[in-house]
Each structure stands twice: as C-alpha cells, then as structure tokens.
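This report concerns only the one structure given below.
In what follows, chains are A, B, ... by sequence order, proteins preceding strands, each numbered from 1.
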Amino acid sequence: MIRLGYPTQNLTLGASTNRSLRLGNLPDAARVRSLVRQNLWDLCRILRWNARRGVGIFRLGQSVIPFASHPNFPYDWEKEHAAELREAGRLARSLGIRLSMHPGQYVNPGSPRPEVVERSLAELRYVARLFGLLGCEDAVLVLHLGGAHGDRRKSARRFVGALAQERGVLRHLALENDERVWSVPEVARVAGELGVPAIADTLHHALNPGGLALREALDLTLPTWRGRRPKVHLSSQDPEKQPGAHARLIRREDWLGLLEALDGREADVMVEAKGKELALEPLLPPGGAPERREDARKPAAGGDPRPAPERPQHRGGRALG
DNA sequence: AGATGTCAAGCGGAT
DNA sequence: ATCCGCTTGACATCT
C-alpha cells in the first residue's frame with residue numbers, strides 16, 4: 001500500500017504549521033506562545049482533514065516552534081507546550097498519520113566551521129525533542145548532507161562524526177539525496193554508516209542520478225528502512241523555472257514512473273508541490289479515506305466544516321481565513 | 001491600500 | 001569577487 005502526504009500547510013483550509021516571526025520580535029514571549037499555539041491548532045485541523053481524505057503522512061513546518069533552537073528563545077518551550085504537543089501527537093497517532101520534518105539549507109552538520117555544526121546540532125535536537133514530546137515514535141527527520149566543501153570524503157566523515165553520538169536525533173533521522181552534490185548511492189552509504197535509513201527524491205535523482213535508474217535507487221534505499229515503512233519524495237519540475245524548482249502539481253508520468261519503479265513495494269510518498277494537498281487529489285484512490293473511523297464524531301454535515309471545538313485563547317490572535 | 005525588499009543561519013554554482 | 005536561489009512568512013518601508 002502506498003500512503004501519500006504533503007508538507008507544512010493546507011491551502012484548502014488556509015491552515016499553516018509554519019507561522020514565524022522576525023528575530024527582533026523574539027523577546028515578545030506572549031507573541032511567540034500565540035504563534036506556537038496557532039501552528040499546533042492548525043496542525044490538528046490539518047490532521048483531521050487528512051484523515052477524512054485518506055492522507056496518511058504530513059510534514060510539519062520547520063517553524064512549528066519558531067527559533068526554538070535559538071539561544072535567545074524567550075521561554076522553556078518544552079515545558080510550556082508539553083501538554084499541547086502531547087495532545088497533537090495523540091491525535092496524529094489515533095488517526096494513523098505519520099509526521100515528519102525537514103530542516104532547511106542552514107543545517108549542515110558536515111560543515112568545516114564548528115559554529116555551523118553547533119547550530120545545526122541545536123536545530124536537529126529541537127526536532128528530536130519535539131517528536132519526543134509529540135510521542136510519535138515513527139516520525140522522520142529528513143536531512144540533506146549539505147556541502148561538499150571541496151572534499152567529499154572529508155565532508156561525509158565530518159557529517160558522520162558530528163551525528164554519531166546524537167542518539168535522540170538518530171532515532172528519527174533519514175538522509176535524502178539532493179539535486180547537485182550528493183546522489184542516492186552516496187547518501188545510502190553515509191546513511192549506512194550512521195545506521196539510519198535513506199530517502200530517494202525523484203526530482204533530485206533525475207538531476208543527479210549517480211549512475212542509477214530510479215528503480216535501482218529504490219532498490220538501494222527501500223531496504224535501509226529495515227521493516228519500518230520506507231519513505232520516498234515525489235515532485236515534478238516546474239517547466240518555467242530553473243532545474244530543481246518544484247512544480248505546482250505532479251506530472252502524471254512522474255507519478256506513473258514512480259509506481260512502476262516501486263513495482264508493488266510499500267512506501268510513504270511525500271509529495272513536494274507548490275499546490276500542496278491539491279497535488280495529491282489526482283493520485284489518491286477515488287472516494288478519499290478508506291476505513292478510518294476514528295474521525296466519526298465529526299459533524300458530517302454537507303457544506304461548511306467550521307472548526308467546532310474551542311479555539312485557543314491567545315492575545316493578538318486573528319481570524320483564520 | 002498595496003507593493004517591495006529584507007530578514008538568523010550555508011552552501012554550490014553562475015556571472 | 002559578488003550574487004543568486006533554495007521554503008515561506010513576517011514586517012518595515014516605500015509608493
């Protein structure tokens with residue numbers, strides 16, 4: 001069985017898990033708290049929406065807790081948001097939805113610069129702790145290998161060295177190929193050294209195949225999950241933009257190409273498209289959610305699905321469109 | 001009111 | 001040597 005998902009926000013609901021603020025406003029603790037609560041509230045809305053439509057995975061925005069790893073973060077977020085996180089995590093588990101996160105280009109544990117490595121580790125630990133508080137064992141922390149810094153072997157060695165003792169991070173970590181520097185076979189090798197799984201991204205792979213056909217890339221990466229459900233990334237090239245830019249939707253032949261390469265094997269497929277959940281619709285089995293009944297207490301009224309339960313009270317909160 | 005450019009962070013690659 | 005884009009939203013400043 002193939003499960004599908006999308007990242008960070010739902011355009012139909014107008015819901016986002018990625019609200020942030022400028023660093024200069026970080027000292028305003030009340031404002032940060034409010035943003036976090038809005039992010040978590042929208043996460044719950046998205047999870048329910050997903051469950052109704054048979055969407056089985058979802059990627060959290062990196063800024064669910066904005067600047068969580070920054071030294072100037074104004075309060076103890078682990079303590080203050082523990083209950084809300086536990087609640088959101090429980091919802092995800094009860095709906096059978098697997099969560100993930102994908103820290104961005106600034107996270108570079110293989111960098112030759114110690115301060116970059118330190119900041120990177122801080123960010124990765126934040127993600128691991130967040131997953132811990134959510135209570136989602138099967139959540140995945142997706143990361144690229146970063147730069148080559150003129151010497152790939154040394155960079156890969158630094159990367160492994162920086163993470164080898166990070167047990168909390170390694171529990172969730174999975175390494176993904178990128179479109180320029182690190183191809184699937186290289187990523188799979190480094191992942192193997194760390195004892196973590198590897199993810200093949202179809203668009204990156206097309207641009208940086210490392211000598212492998214897509215099927216061979218999957219032959220290499222799927223077994224690294226050792227019984228856990230494997231993850232794969234799917235996206236299509238935006239024809240207007242430069243190579244690597246994500247299109248709004250998935251081209252049918254890219255989807256069929258992935259299915260053919262999977263050849264019946266199970267996978268969780270993260271669909272990376274500007275159109276977010278709209279890009280999933282043509283790929284989902286007709287009729288939406290198959291047999292999820294946990295959501296049965298939802299008012300099934302035809303028409304306007306207003307968020308029924310209480311909104312979190314926060315200062316300066318505004319109505320969501 | 002709307003449009004524009006900049007914001008914590010790192011890289012590779014184009015120019 | 002310098003600049004761009006990578007994701008996205010926030011927000012200060014402009015018109």
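Nearest to the side-chain atoms of A:R22 among the listed nucleotides C:dG9, B:dG10, C:dT7 stands C:dG9. Distance from the side chain of A:R31 is smallest to C:dA10 among B:dG10, C:dA10, B:dA8. Across B:dA8, B:dG13, B:dC11, the shortest atom-to-atom separation from the side chain of A:S69 is found for B:dA8. Counting only heavy atoms from C-beta on, A:L21 has its side chain closest to C:dC11 among C:dT7, C:dC11, B:dG12. Considering only the side chain of A:Q105, B:dG10 comes nearest among B:dA8, B:dG10, C:dA10. Which of B:dG10, B:dA8, C:dG5 sits closest to the side chain of A:R180 comes down to C:dG5.
Between A:Q9 and C:dG9, a side-chain N or O to OP1/OP2 separation shorter than 4.0 Å is present. An OP1 or OP2 oxygen of B:dA9 is reached within less than 4.0 angstrom by no side-chain nitrogen or oxygen of A:H70. Between A:K274 and the phosphate of C:dC6, there is no side-chain N or O to OP1/OP2 separation shorter than 4.0 Å. Regarding contacts with the backbone of B:dC11, a side-chain N or O of A:S111 is found under 4.0 angstrom from either OP1 or OP2. Within the 4.0 Å cut-off from OP1 or OP2 of B:dA8, not a single side-chain nitrogen or oxygen of A:R119 is found. The side chain of A:N25 places no N or O atom within less than 4.0 Å of a non-bridging phosphate oxygen (OP1 or OP2) of C:dA10.
Nucleic acid contact for A:V181: sugar-phosphate only, since backbone atoms but no base atoms lie under 4.0 Å from a heavy atom of the residue.
Comparing the same atom, C1', in C:dC3 and in B:dG5 gives a spacing of 16 Å after rounding to whole Å. Atom name P, nucleotides B:dG10 and C:dG9: the rounded distance is 23 Å, in whole Å. Nucleotides B:dA3 and C:dT7 are separated by 24 Å at their P atoms, to the nearest Å. Distance check on atom P: B:dT4 versus C:dG5 gives 16 Å, rounded to whole Å. Distance noted for atom P between C:dA1 and B:dA9: 22 Å (whole Å). Between B:dC11 and C:dT8, the distance separating the two P atoms is 22 Å to the nearest Å.
Across the protein-nucleic acid pair, A:R152 atom CZ and B:dC11 atom P stand 15 Å apart, rounded to whole Å. As rounded to whole Å, 13 Å separates atom C1' of C:dC6 from atom CD of A:E176. The distance from atom CG of A:D178 to atom P of C:dG5 is 19 Å, rounded to the nearest whole Å. Distance, A:L143 CG to C:dT7 P: 16 Å, rounded to whole Å. Counting to the nearest Å, the P atom of B:dA8 and the CZ atom of A:F67 are 7 Å from each other. A:M101 places its CE atom 15 Å from the C1' atom of C:dT7, with the value rounded to the nearest Å. Atom-to-atom, CD of A:E115 to P of B:dG10 comes out at 8 Å; the value is rounded to the nearest Å. Here the P atom of nucleotide C:dG5 and the OH atom of A:Y106 are 13 Å apart, to the nearest Å.
Counting heavy atoms of neighbouring residues, nucleotides and ligands inside a 6.0 Å radius, atom CD of A:E193 exceeds 12 of them.
Of the nucleotides present, C:dT2 is the one that pairs with B:dA14 by Watson-Crick or G-U wobble criteria, both distances under 3.5 Å. Across all strands shown, C:dG9 is found opposite B:dC7 as a Watson-Crick or G-U wobble partner, with both distances under 3.5 Å.
Seen from the ring of A:W182, A:R189 does not count as a face-on cation partner, given the 6.0 Å and 45° thresholds. Remark: A:R53 qualifies as a cation-pi partner of A:W49 under the 6.0 Å distance and 45° angle criteria applied to the six-membered ring.
Side-chain atoms of A:S34 and A:R31 include no donor-acceptor pair closer than 3.5 Å. Between A:H81 and A:Y75, the side chains place a donor N or O and an acceptor N or O closer than 3.5 Å (distance only, hydrogens not considered). A donor-acceptor pair shorter than 3.5 Å cannot be found between the side chains of A:Q9 and A:S16.
A donor-acceptor pair under 3.5 Å links the side-chain atoms of A:H172 to the main chain of A:A139, judged by distance alone.
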